[in-house]
Amino acid sequence: MVLACAMDAECARVLASVAVDHRQVVGATCGAIQSALARAGLRAEVIPFGSTVSGLAVEDDCDVDVCLVCGPHAADMPLPPHQRMRATAQRACDALVSVAGARQMVPILSARVPILKFELPGGAGAPIPRPVPVDLCFNNLNGCRNSELCRLLAALEPRFWPLAMLVKLWAKRRGLVDSSRGLFSSYAVVLLVVHFL
């Protein structure tokens with residue numbers, strides 16, 4: 001009982017501290033990405049998704065997940081179909097580094113859905129208030145749909161948001177959330193809460 005109360009107090013303190021409005025960071029991040037890609041001649045729609053959009057972020061400095069909706073660059077069209085988006089993803093990678101100043105770029109171009117992991121600089125004088133880690137995927141709208149589902153569930157069921165935040169925080173603190181290591185994804189934890197409710 002004492003441990004449960006201590007856990008409740010600690011979780012309440014952490015959850016109160018992370019009740020941050022991420023919209024400014026998300027908007028500035030998407031704007032910087034859009035601008036860099038446009039200057040490189042890549043026409044794309046930049047759609048944010050994930051916990052910063054659904055309102056289920058449990059850290060102040062969490063990453064921003066972005067889906068880039070675009071077709072292959074015109075210059076990449078002569079390539080075989082399976083290479084077109086990889087080449088376009090490489091163009092986006094180059095543009096983000098050279099134009100937006102992306103750091104720590106890790107392109108994962110051999111994946112079924114190409115992904116770019118990087119950090120955009122931020123801070124004093126920058127359009128982004130803090131350095132922002134970004135996970136950018138190409139033409140994979142499932143994450144956007146999942147984020148919208150979570151946002152709608154939070155609006156429909158008042159118990160959903162606090163319970164989902166508590167369970168996510170609990171799971172993260174115990175090292176249970178890391179899909180790259182075969183553990184739960186953050187979204188899977190949220191789905192468990194949905195099923196419970």
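Numbers here simply count residues along the sequence, with the first being 1. Every value quoted in this text rests on a predicted model; they were computed, and no experiment measured them.
The salt bridge (charged side-chain N to carboxylate O under 4.0 Å, His left out) check on Asp65 picks up nothing, with sequence neighbours excluded. Every residue two or more places apart in sequence or in another chain that forms a side-chain contact (heavy atoms from CB on, under 4.5 Å) with Ala40 is listed here: Ala95. With sequence neighbours excluded, the residues satisfying side-chain contact (heavy atoms from CB on, under 4.5 Å) with Leu152 are Glu148. Arg159 meets the salt bridge (charged side-chain N to carboxylate O under 4.0 Å, His left out) test with Glu157; sequence neighbours excluded. Applying the salt bridge (charged side-chain N to carboxylate O under 4.0 Å, His left out) test to Arg103 and every residue at least two apart in sequence or in another chain returns Glu119. For Asp178, the salt bridge (charged side-chain N to carboxylate O under 4.0 Å, His left out) partners at least two apart in sequence or on another chain are Arg181.
A pairwise comparison of heavy atoms in Phe160 and Val194 identifies CE1-CG2, 3.5 Å as the closest pair. Shortest non-hydrogen contact noted between Leu183 and Gly175 is CD1-O, 3.3 Å. For the residue pair Phe138 and Ala92, the shortest heavy atom distance occurs at CZ-CB, 4.0 Å.
Judged by distance alone, the side chain of Gln34 and the main-chain N or O of Thr29 form no donor-acceptor pair under 3.5 Å. Looking at Ser147, its side chain never comes within 3.5 Å of a backbone N or O of Phe49 through a donor-acceptor pair. A donor-acceptor contact shorter than 3.5 Å links the side chain of Trp161 to the backbone of Gly55. Using modelled atom types, one side-chain atom of Thr88 and one backbone atom of Arg84 make a donor-acceptor pair closer than 3.5 Å.
Clustering ILVMFWY residues whenever any of their side-chain heavy atoms sit less than 4.5 angstrom apart, transitively, puts Leu37 in the very cluster that holds Met105. Met85 and Leu79 fall into different hydrophobic clusters, where Ile, Leu, Val, Met, Phe, Trp and Tyr are joined by side-chain heavy atoms under 4.5 Å apart, directly or via other members. A chain of hydrophobic side-chain contacts below 4.5 Å, direct or via other Ile, Leu, Val, Met, Phe, Trp or Tyr residues, connects Val177 to Phe196. Under the 4.5 Å side-chain contact rule for hydrophobic residues, Val97 and Leu42 share a cluster. The hydrophobic clustering, which links ILVMFWY residues whose side-chain heavy atoms are closer than 4.5 Å, places Leu136 and Val99 apart.
You'll find the side chain of Val167 reaches within 4.5 Å of the side chain of Val193, heavy atoms only. Under the 4.5 Å side-chain criterion, counting only non-hydrogen atoms from C-beta, Pro121 is not in contact with Pro131. Looking at heavy atoms from C-beta onward, Tyr187 lies out of side-chain contact with Val189 at the 4.5 angstrom threshold. At least one side-chain heavy atom of Leu163 sits under 4.5 Å from a side-chain heavy atom of Leu197. Under the 4.5 Å side-chain criterion, counting only non-hydrogen atoms from C-beta, Leu141 is in contact with Cys67. No side-chain heavy atom of Val106 sits under 4.5 Å from any side-chain heavy atom of Phe118.
Under the 4.0 Å criterion applied to side-chain N and carboxylate O atoms, Lys117 and Asp135 are assigned as salt-bridge partners. Salt bridge status for Asp76 with Arg91: present, with a side-chain N to carboxylate O gap under 4.0 Å.
The residue from Val53, Thr52, Leu116, Val46 that alone fulfils the side chain to side chain contact (heavy atoms under 4.5 Å, CB included) condition with Val66 is Val46.
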